[in-house]
Amino acid sequence: MTLLQHHPDPQGVLRPQHEVFDDAVEEAELVEQLGLDAYGVGERHAQDFLASSPTVTLAAIAARTSRIRLLTTVTVLPLLDPVRVAEDYATLHQLSHGRLEPIVGKGNDPRQLEYFGIDIADQWRLNREKYALLHRLWGDEPVSWDGGPDAWRPPLTDVITTPRPYLGHRPRVWHGSASSTESTELAAEYGDPLFSANAFHRMEKYAVLVDHYRERYAAHGHDPARAWVGLGSGAFYVGRTSQDAVERLRPFFENVMRTFAASHNRPEWTTIEEAIEIGPYFIGSRQQVLDKIAAYYERIRHDVFQVAVQGFGLPKADRVASLERFALDVAPELRRLYPSAVWEEEPVTAPQSLPR
């Protein structure tokens, strides 16, 4: 996944914006060629990021791929009108022949709330209310809705959004979870899967939220076997050796620790060694990365593992090398040790990718 980060590198060089987009599309193509399962593009309306329009970026990726699933990491629902979300994402669902799986959530960056006139105190309520309407818009036909005198949009009467989802199948929606049982409860209530951010804190903080999700999922009467969980990563890099990986990432780690995102999320570590030891930083040799994922699996029992490929602003050659090592040397062992049913069914795919 990528949030299309756009901040100066350790030497102070800021890349042209189009290169960030080009890299994302080419990276998604590589993910497909390497036999991995999905590619995610986040949404972030703030400086240091270019991910304000994930649907547009994912549409470009859909045109250049034919098999991988397309995720949003995450769609910041409190900022958006569910009618527009239903239309835009159903369009992408059609263009990708059913490969889209949005991840919705309240978002992580408080700066973007001001852009849309949202009070921070309202973000959880809006996330719940807007998801309720989005869920109906992709299911019921027609939809009438009235949020009352203090609603965030005018009422709807007998509305059918178009296009409809591909072949009439509602996209599977995941719920992004990082800090609150608000997200885990919402996912459990609707019987949807959960995606843990697992980016800035120790394992147990996220594990407790996953435990809550599974408990509430069953309490709402859903089949516990389908309480699927995705697990994020604060950083990921498979090096030739442990020392190679740490020293290659050190200047980029220190650069990221000076950003707003790092200061806002207040990680418990200050050095890359501490981050690897106690945080969700999957950095090291093949065996070290396998061992760390195994440790998380023993506690969280996740079904999907997400590789953060662009978060540190590494040069493209380094990201490609790490992805290739992961796909060839790590992923096959993960699939053997921890088989997952979440994506057993092949998505409906286009007969071929569109020409460049």
Side-chain angles (χ1 to χ4, degrees), residues 1-7 20-46 48-62 64-65 67-76 89 92 96 99-105 107-109 171-178 193-200 206 228-238 252 256 261 265 280-283 289 293 296 302-314 316 318-320 322-324 326-327 330-331 334 342-343:
M1 62 83 72
T2 177
L3 277 166
L4 300 175
Q5 288 88 341
H6 188 239
H7 50 73
V20 179
F21 288 105
D22 290 346
D23 278 2
V25 175
E26 292 170 8
E27 205 156 54
E29 289 183 289
L30 177 63
V31 163
E32 178 157 288
Q33 292 163 12
L34 291 173
L36 301 177
D37 296 295
Y39 193 84
V41 176
E43 178 180 350
R44 191 68 66 92
H45 305 268
D48 303 336
F49 301 92
L50 303 178
S52 57
S53 300
T55 50
V56 179
T57 307
L58 286 170
I61 290 170
R64 298 271 286 268
T65 59
R67 181 190 57 80
I68 54 170
R69 288 164 174 83
L70 310 174
L71 277 63
T72 62
T73 50
V74 299
T75 296
V76 189
Y89 283 81
L92 183 52
S96 65
R99 292 186 284 139
L100 172 70
E101 295 191 13
I103 305 176
V104 300
N108 176 266
D109 195 321
R172 173 158 50 193
V173 178
W174 301 69
H175 294 255
S177 168
L194 185 79
F195 218 110
S196 174
N198 191 45
F200 287 102
Y206 301 105
W228 290 315
V229 172
L231 185 72
S233 58
F236 186 92
Y237 185 78
V238 184
F252 296 93
V256 168
N265 287 283
Y281 283 59
F282 299 80
I283 297 169
V289 170
I293 295 174
Y296 272 78
H302 52 282
D303 301 276
V304 175
F305 179 71
Q306 168 257 309
V307 176
V309 290
Q310 288 190 358
F312 273 25
L314 283 168
K316 183 177 180 179
D318 292 281
R319 297 197 308 271
V320 169
S322 177
L323 266 179
E324 289 177 341
F326 174 71
V330 179
L334 293 178
V342 65
W343 284 332

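- Remark: Leu100 CG to Leu92 CG distance equals 4.5 Å, nearest 0.5 Å.
- Scanning both residues, Ser322 and Val238, for their nearest heavy atoms gives OG-N, 2.9 Å.
- In this structure, the side chains of Gln5 and Val20 stay at 4.5 Å or more apart for every pair of heavy atoms.
- How far CG of Asp318 is from CG of Leu323: 11.5 Å, rounded to the nearest 0.5 Å.
- With hydrogens and angles disregarded, no donor-acceptor distance shorter than 3.5 Å links the side chain of Arg64 to the backbone of Glu29.
- We find the OH-CD1 distance between Tyr39 and Ile68 to be 8.5 Å, quoted to the nearest 0.5 Å.
- Annotation for Gly232 and Asn198: closest pair O-ND2, 2.9 Å, computed over non-hydrogen atoms.
- In this structure, Pro280 and Tyr296 approach most closely via the heavy-atom pair CA-OH, 3.4 Å.
- For Thr75 (side chain) and Val104 (main-chain N/O), no donor-acceptor pair under 3.5 Å exists by modelled atom type.
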From CA spacing to verdict: side-chain contact (heavy atoms from CB on, under 4.5 Å), His302, Leu194 = CA-CA 10 Å; His302 52 282; Leu194 185 79; over 6 Å; no
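- Checking Tyr89 against Thr72 by side-chain atom types alone, no donor-acceptor pair falls below 3.5 Å.
- Paired with Leu231 under the rule side-chain contact (heavy atoms from CB on, under 4.5 Å), one option of Phe305, Tyr206, Phe195 passes, and it is Phe305.
- With sequence neighbours left out, Phe21 forms a side chain to side chain contact (heavy atoms under 4.5 Å, CB included) with Leu4, Leu50, Thr57.
- Note that the CZ atom of Arg172 and the CD1 atom of Ile103 stand 11.0 Å from one another [nearest 0.5 Å].
- In terms of modelled atom types and a separation under 3.5 Å, the side chain of Arg67 and the main chain of Leu36 share a donor-acceptor contact.
- Taking every heavy atom of both residues into account, Gly176 and Val74 meet most closely at CA-CG1, 4.2 Å.
- Although no hydrogens or angles enter the test, the distance criterion places no donor-acceptor pair under 3.5 Å between the side chain of Glu43 and the main chain of Pro54.
- Between Arg44 and Val76 the shortest side-chain heavy-atom distance does not fall below 4.5 Å.
- Closest heavy-atom contact between Ile61 and Ala24: CD1-O, 4.2 Å.
- A donor-acceptor pair under 3.5 Å is formed between the side chain of Gln306 and the backbone N or O of Ser233.
- One distance of note links CG of Leu70 with CZ of Arg99; it measures 5.0 Å at 0.5 Å rounding.
- Each of Phe282, Tyr237, Phe236 was evaluated against Phe326; a single residue qualifies, Phe236, per the ring pair (Phe, Tyr, Trp, His ring centres under 6.0 Å) test.
- Residues satisfying the side chain to side chain contact (heavy atoms under 4.5 Å, CB included) criterion with Val320, sequence neighbours excluded, are Leu30, Lys316, Glu324.
- Taking CG of Asp23 as the start and OG1 of Thr2 as the end, the distance is 9.0 Å to the nearest 0.5 Å.
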